[in-house]
**Student:** 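Have a look at this one before I ask anything.
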2 protein chains.
Amino acid sequence: MADTFSSLVDKIRSRYVDLSPQQRRAAAFVLKRPEEVAIVSMRTLAANAGVQPVTFVRLARTLGYTAWEDFKEPFIERMRSAPAFYSDRAKKLPATAPAELHLSHIKTLEATQALNDASTFSAAAEALESAQNVFVAGFRACFGPAHAFAYVYQLFRRDVVLLSGLGGGLEAELRAVDEGDVVCIIGFRPYSRESVTVAEHAARRGATLIAIADSPLAPFAREAKIVLTFSTEGPSLFPSLVSASAIAEHLLDTLAARGGDAALERLKSAEAQLQALGVFVPAYDPTDD
Amino acid sequence: MADTFSSLVDKIRSRYVDLSPQQRRAAAFVLKRPEEVAIVSMRTLAANAGVQPVTFVRLARTLGYTAWEDFKEPFIERMRSAPAFYSDRAKKLPATAPAELHLSHIKTLEATQALNDASTFSAAAEALESAQNVFVAGFRACFGPAHAFAYVYQLFRRDVVLLSGLGGGLEAELRAVDEGDVVCIIGFRPYSRESVTVAEHAARRGATLIAIADSPLAPFAREAKIVLTFSTEGPSLFPSLVSASAIAEHLLDTLAARGGDAALERLKSAEAQLQALGVFVPAYDPTDD
DNA sequence: CTGCCGATGAAACATCTGTTGCGAAAACTG
DNA sequence: CAGTTTTCGCAACAGATGTTTCATCGGCAG
């Protein structure tokens, strides 16, 4: 009984010619504005389509649904997991063990994608650009993503500092934070004490706080000017860091793109420098460029 | 009057602390499941959140909205523009949409998924289980994922060591590697010299090598017994770590699953210990379990 | 303890929901 | 053309919706 959106569309398309004029009107409208179906009531939908409310009930019936709600369901399901298209594709993968986790990673990414909009990313980038200095923090499980973010950011910006708390020196590191700086904290539940310490210190000093968290209600996000939210959900025992990494990378990309040629130049020279220092080893894959 | 979704989230976040317990519950739920707000009725929303229907009206009022509908609007607007299904989204977003990068992350994940099969993961898990000691390494951009992997693994296995090269002491750390041990290295192009150093040393000592690399031909994977491959491709300037994280997490999940109750027990006690040490700060989201 | 005040829950409210029944109109059939 | 069938619109229905009202609870100051 539970139809998918695309199969419903097919059904409409194939039986369209047999429909009565009014039902055609309704069906055509439904295809043109699928979001409306999920969101508004049948009556307003009818008003927008220039059709009587009953017509939608009749349309649903002629297509084999017992009630309008059954007809409506696929439209809702399509919206719930935002870009339904990719979800549908993922469901078609074989149901072996690794595929399941893989699928869940995709779902997590999609959930994360739905939680943030472009303007939040650009606001974060703007704040970082106008910062005197940038501090990055993440503790315990989140140290990894924080390090990755700071490492790449350092490639095209000089004054990026990773707050590590190495050797218990977190407080000493924090003394460098001042007004005009931006502090960027990554964390998720359970929230480590250090992240709150950093956040509070940053707020006290008047620095701008950017939080990358699993919830806008994360304790260290309380005083944040900008919050980027990610999901850690999944069938795994452990919370997933995949989405946090995705967000960090997206932010980096935004920063590099906005930085323009200057950022690119610095990036290149940084890489050349590393190369010259003999940090890297040549790959021996002949298909390389 | 017309609020955007992110500004609404900010409003909730900033005023969350002043809310009454019940309203917090409602607010937290709304943040955790934003799609629901757009789709279901207030009454069922209340049922799912474990709150009275009135509470949502009250919440909307406290946040400055005259009616529930005004509060609900941003949630609907957010969904309306979300689905990348028909042509209607092209006109809305600027060229550098977050959806594009999001899409590429999914593609990368799918590519990675295709590169490894379940048996490779179980082989890796098997090797790790029968190891005397486990060493984890990753340098430069890959230090993050390596740290994340080691951190979680340490939660249910005692003898996991992260090779950090801190203070230039990499060689000293390597002296601990011996026959019967497993060394797990994460890395991608350009390959850092340290990763090769570690790999060669491990091979010389007779330790088993597991490589997590962007190519089976990675220099540090030459002597590896098992290679897990991931993709770093994407439209971004920077290679993506998302898939590397996904692989690491999948491996951890496999390990925990195979470890059975014993692993679970250790995991629990590790978490309890951390809790007792006051490492974490309580979350103030009442909808948590 | 009393009196107060905000927070909370239960029930009643008007309104809007999807759906039905029925009559008028239109379209087809012989 | 009449007779039949289908389509359509209107008004009414039961149930669900968001909201209001009011009684109760629980903490706290005097």
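Side chains are part of it too, since the values below use all heavy atoms of this structure and drop only hydrogens, waters and symmetry mates. Naming: A, B, ... by sequence-line order, numbering from 1 per chain. Predicted model only: the values in this text are computed from it and were never measured.
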**Student:** Is it true that a side-chain atom of A/R25 and a backbone atom of A/V51 form a donor plus acceptor pair closer than 3.5 Å?
**Tutor:** no
**Student:** Counting the atoms with a prime plus P, OP1 and OP2 as sugar-phosphate, which does A/Q52 contact under 4.0 Å by heavy atoms, base, sugar-phosphate, or nothing?
**Tutor:** base
**Student:** Nearest to the side chain of A/T44, heavy atoms from C-beta on, is which of C/dT17, D/dC8, D/dT19?
**Tutor:** C/dT17
**Student:** Measure CZ/B/F56 against P/D/dT19 and give the value in whole Å, please.
**Tutor:** 12 Å
**Student:** Select from B/R43 and A/W68 the residue whose nearest nucleotide in DNA chain C is closer to the 5' end of that strand.
**Tutor:** B/R43
**Student:** Kindly confirm or rule out a cation-pi arrangement of B/R266 over B/F156, judged by NZ or CZ under 6.0 Å from the six-membered ring centre and within 45° of its axis?
**Tutor:** no
**Student:** If you go through the side-chain atoms of B/R58, does one of them form a donor-acceptor pair with the base of C/dG9 closer than 3.5 Å?
**Tutor:** yes
**Student:** Rounding to an integer number of Å, can you tell me how far B/D18 CG sits from C/dA7 P?
**Tutor:** 11 Å
**Student:** Which listed nucleotide (C/dT17, C/dT20, C/dA7) is nearest to the side chain of B/P21?
**Tutor:** C/dA7
**Student:** Could you state the atom-to-atom distance from CG of B/L59 to P of C/dG6 in whole Å?
**Tutor:** 19 Å
**Student:** Whole angstrom is fine here: how far is it from CD in A/Q22 over to P in D/dC10?
**Tutor:** 11 Å
**Student:** What is the distance from CD of A/Q23 to P of D/dC8, rounded to the nearest Å?
**Tutor:** 7 Å
**Student:** Quick one: B/M42 CE to D/dT20 P, roughly how many Å, whole number?
**Tutor:** 10 Å
**Student:** Has A/R61 got a side-chain N or O lying under 4.0 Å from the OP1 or OP2 atom of D/dT7?
**Tutor:** no
**Student:** For A/Y65 and C/dT19, give me the distance from atom OH to atom P, rounded to whole Å.
**Tutor:** 14 Å
